[in-house]
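A, B, ... follow the sequence lines: proteins, then strands. Residue 1 opens every chain. Quantities reported herein were computed from a predicted structural model and do not represent experimental measurements.
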Amino acid sequence: MRCNIARKNEQNSVIEKIVSLSKRRGFVFQSSEIYGGLNGCWDYGPLGVELLNNIKSEWWKAMTYRDDVEGLDAAILMHPKVWEASGHVENFTDPMIDCKQCKARFRLDTLAEFLSGKRKEKAIKQLVQNLEEINSDLLPELKEIVSADLELNDKFTSILEKDKLSEALLSLVSCPQCGTKNSFTKPRSFNLMFKTFLGPVEKEGNAIYLRPETAQGIFVNFLNVQNASRQKLPFGIAQIGKAFRNEINTKNFLFRTREFEQMEMQYFVKPSDDKKYYDQWKEIRMNWYKSLGMTPEKLRYHDHPEDKLAHYAKEATDIEYQFPFGWGEIEGIHNRTDFDLRRHEEFSGKSQKYYDEELKEKYIPYIIETSAGASRAFMAFLVDAYHEEEVKGEKRVVLKFHPKLAPIKAAILPLVNKDGMPEIAKKIETELRPHLKVFYDDKGAIGRRYRRQDEAGTPFCITVDSQTLDDNTVTVRERDSMQQVRIKIPEILDYLIVKLK
RNA sequence: GCGAGCGUAACUCAGUUGGUAGAGUGUCAGCUUCCCAAGCUGAAAGUCGCGGGUUCGAAUCCCGUCGCUCGCUCCA
């Protein structure tokens, strides 16, 4: 037990170190910090936005620089019906009650299952009696439910669905966990979608939502993209964009936030091909993380058991990364079947069928989804890159990013600030800058400048020294090995471009 | 949403029984420095998370609030 606590502290301290490094070096800041911060929102600083952009750009290249995937960027605001069709209005809302005494929480729609039949019957009977005594105008509504041909559980739940009756009934029921009577809070609704209003008038009919996932923007454009691009099944549509969820609890730095970015691809296939492409994309996506240097031992699949599947999914797996706080999902691969397109066909009245020339038949395609969190991938790459080493008795903190992801590709440093070295270094900087994100630094001792770049994850440091003045060569220091090679100044760019691949 | 802990400079933290703030690191300027956080001199930087209250006086005590961490709950 003590061992667990010690390990837990150690794990947390890694996250703490990364959070403070992130702030100090300009990867991530807390949103609205000077006003005390905003829960679950984070800002990306100068280095952070480079890293994030590099991750997104690598994903975009991997996913759309292929002949069977098209790109898309749909609006964050969508027609409210989209979220009815998608099931979010229904499934994202859970009225909950808490017991004030023992703090147990129950979903209003499943409370009936926790109570014995006797207690439910007694409570309902009591409720009828109470309302009769005061001759309440709620009585007809209640009697209608009571006399209906329903199971006891359904009757009970139906009463709970009526606001006023629900309150009265709850006051007669004791908590299933601790048995305290009349201890429930009022039901509170936890809809995870952010609501706002379209147009200047804040009335309910104008309510729309910030999208809780980017996928729906792809589904509703399925036929637009298919027609415009003349793609045939199987083909995919890829999109990177922000999504919003009003999470009850945010957690673990960037892991659970209220505003986050998704990198999603929906692959449309013939229904009988679903398994084949599901397996294929599972593998492709796992390999993507490995190809960008993520530690393979810290990656795994987590298949969802059948009874835990989302309402739309036939098969689902997560790609998980082993964070210091435990395994966490960084991408989901789902077989969404024809659920989404069928629902949109139903709700919009517009056919979503694809005409298959070969089979000479129309059908709604199945969808294999790869849904990655850009913010979570960012955090995983950051955590994975973080290393502490001992060099000559001193601690060295180095972010070992894959060169493709590194925010700064090379730093140009004059060894000392004299003998014309700064001028030569400046000239090298000017030549490299149009091609690469580079950084010039002449402040402080050379060792300090190297360590600063290590902490930013810069893979190469180009140093101008006295030999440069003689033979026009510079040293190029590699971040991880700290080894240096001499390169002629005109060859630096080609050298770096090869190394950065 | 509940419970516990925490919130002091950019970062990590001291700050005694209440008397209006310090260190290390970092940053900046200068000197020095031919290769891995070296040295010297100097400087900037904090409404002590925010708002109330108690007090002659609050970083310190009390209340509220916001934020962070952990646990519970939640995460279609």
Side-chain angles (χ1 to χ4, degrees), chain A residues 5 8-9 11-13 15-17 19-26 29-42 45 83 86-94 96-107 177 185-193 212-213 245-253 255-258 304 308-313 316 325 328-329 332 334 339 389 391-398 413-419 421 442-455 461 463-469 474-475 477 479 481-484:
Chain A
I5 290 167
K8 195 95 196 167
N9 287 340
Q11 289 166 350
N12 292 337
S13 80
I15 287 288
E16 276 165 29
K17 281 176 189 170
V19 172
S20 83
L21 173 76
S22 291
K23 178 164 185 206
R24 198 157 34 85
R25 285 300 186 202
F29 308 122
Q30 202 184 357
S31 165
S32 317
E33 193 190 69
I34 62 168
Y35 289 101
L38 186 64
N39 186 280
C41 298
W42 301 87
W83 307 112
S86 71
H88 283 84
V89 171
E90 188 186 341
N91 290 305
F92 247 36
T93 316
D94 289 328
M96 312 281 273
I97 49 168
D98 295 319
C99 170
K100 290 175 198 161
Q101 186 64 35
C102 69
K103 310 299 180 196
R105 167 168 292 175
F106 302 92
R107 273 168 57 178
Q177 181 161 304
T185 60
K186 278 188 182 171
R188 276 169 300 210
S189 181
F190 289 95
N191 193 306
L192 294 184
M193 286 196 290
E213 65 175 22
R245 289 181 199 181
N246 207 350
E247 299 285 354
I248 297 165
N249 257 346
T250 58
K251 220 179 181 180
N252 292 330
F253 195 33
F255 190 75
R256 169 149 300 134
T257 56
R258 298 211 161 97
H304 291 206
K308 287 267 169 98
L309 288 176
H311 61 272
Y312 53 72
F325 51 78
E329 177 195 354
H334 310 118
F339 176 86
E389 298 174 350
V391 177
K392 292 183 182 164
E394 295 274 359
K395 192 171 88 171
R396 178 171 93 118
V397 172
V398 50
L413 321 164
L415 187 61
V416 290
N417 283 317
K418 59 183 184 188
D419 301 335
M421 289 180 202
D442 61 11
K443 298 288 188 298
I446 190 69
R448 181 194 303 269
R449 281 177 274 159
Y450 285 148
R451 296 304 170 81
R452 268 201 283 251
Q453 293 310 313
D454 290 342
E455 234 180 24
C461 288
T463 306
V464 175
D465 58 14
S466 58
Q467 195 180 329
T468 310
L469 309 172
V474 294
T475 64
R477 170 193 184 265
R479 179 193 62 206
S481 65
M482 298 190 283
Q483 298 296 308
Q484 291 176 299

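Every side chain to side chain donor-acceptor pair (under 3.5 Å) that A:N39 has, sequence neighbours left out, goes to A:T250, A:R258. A:Q467 meets the side-chain contact (heavy atoms from CB on, under 4.5 Å) test with A:D465, A:D471, A:T473, A:R486; sequence neighbours excluded. Applying the salt bridge (Lys or Arg N to Asp or Glu O under 4.0 Å) rule to A:E455 yields the partners A:R24, A:R25; only residues at least two apart in sequence or on another chain are considered. Looking at residues two or more places apart in sequence or on another chain, you find a side-chain contact (heavy atoms from CB on, under 4.5 Å) between A:K395 and A:E388, A:V397. Among residues two or more places apart in sequence or in another chain, the side chain to side chain donor-acceptor pair (under 3.5 Å) test is passed with A:K443 by none. Evaluation of the side-chain contact (heavy atoms from CB on, under 4.5 Å) rule for A:S31 yields A:L38, A:C41, A:D43 as partners, not counting sequence neighbours. When the side chain to side chain donor-acceptor pair (under 3.5 Å) test is applied to A:T475, the partners found at least two apart in sequence or on another chain are A:Q484. Evaluation of the side chain to side chain donor-acceptor pair (under 3.5 Å) rule for A:R449 yields no partner, not counting sequence neighbours. A:F255 pairs by the ring-ring contact (aromatic ring centres under 6.0 Å, His included) definition with A:F323, A:F325, not counting sequence neighbours.
Regarding A:W42, its CH2 atom lies at a distance of 12 Å from the P atom of B:G67, rounded to whole Å. When rounded to the nearest whole Å, the span between CD of A:E16 and C1' of B:U12 equals 11 Å. Atom pair A:Y35:OH and B:G51:C1' shows a separation of 16 Å (rounding to whole Å applied). Atom CZ in A:R245 sits about 17 Å away from atom P in B:C74, given to the nearest Å. Between the NZ atom of A:K23 and the C1' atom of B:G26 there is a distance of 13 Å, rounded to whole Å.
Residues A:V416 and A:M421 form a side-chain contact, since some pair of their non-hydrogen atoms from C-beta on lies under 4.5 Å apart.
Between A:R396 and A:D454 a salt bridge is recorded (basic side-chain N to carboxylate O distance below 4.0 Å).
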Please list, for nucleotides 42-49 of chain B, all pairs of protein and nucleotide N/O atoms separated by less than 3.5 Å.
none

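Residue contacts shown for A:F253 are limited to sugar-phosphate atoms, with no base heavy atom under 4.0 Å away. Within the nucleic acid shown, A:G332 has no heavy atom closer than 4.0 Å to any nucleic acid atom.
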Practice task
For each nucleotide in nucleotides 29-39 of chain B, reading 5' to 3', give B when a protein heavy atom comes within less than 4.0 Å of its base, S when such contact involves only the sugar-phosphate, and - otherwise.
Solution key: S---BBBBBB-
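For RNA chain B, if you chain together Watson-Crick or G-U pairs that step i with j, i+1 with j-1 and so on, the runs of at least three with distances under 3.5 Å are B:1-7 with B:66-72, B:10-13 with B:22-25, B:27-31 with B:39-43, B:49-53 with B:61-65.
B:U12 sits 12 Å from B:G7 when the P atoms are compared, rounded to a whole Å. The same atom, C1', is picked in B:G49 and in B:A44; the two are 23 Å apart, to the nearest Å. Separation of the P atoms belonging to B:C36 and B:U69 is 39 Å when rounded to the nearest angstrom. Between B:G46 and B:U8, the distance separating the two P atoms is 15 Å to the nearest Å. With P as the reference atom, B:A59 and B:G51 are 12 Å apart, rounded to whole Å. Rounded to whole Å, the C1' atom of B:C74 lies 27 Å from the corresponding atom of B:G64.
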Practice task
Evaluate the criterion side chain to side chain contact (heavy atoms under 4.5 Å, CB included) for residue pair A:S22 and A:F253; output intermediate values, then yes/no.
Solution key: CA-CA 11 Å; A:S22 291; A:F253 195 33; 4.0 Å; yes
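Ranked by how close their nearest RNA chain B nucleotide is to the 5' end, A:L38 and A:E33 are led by A:E33.
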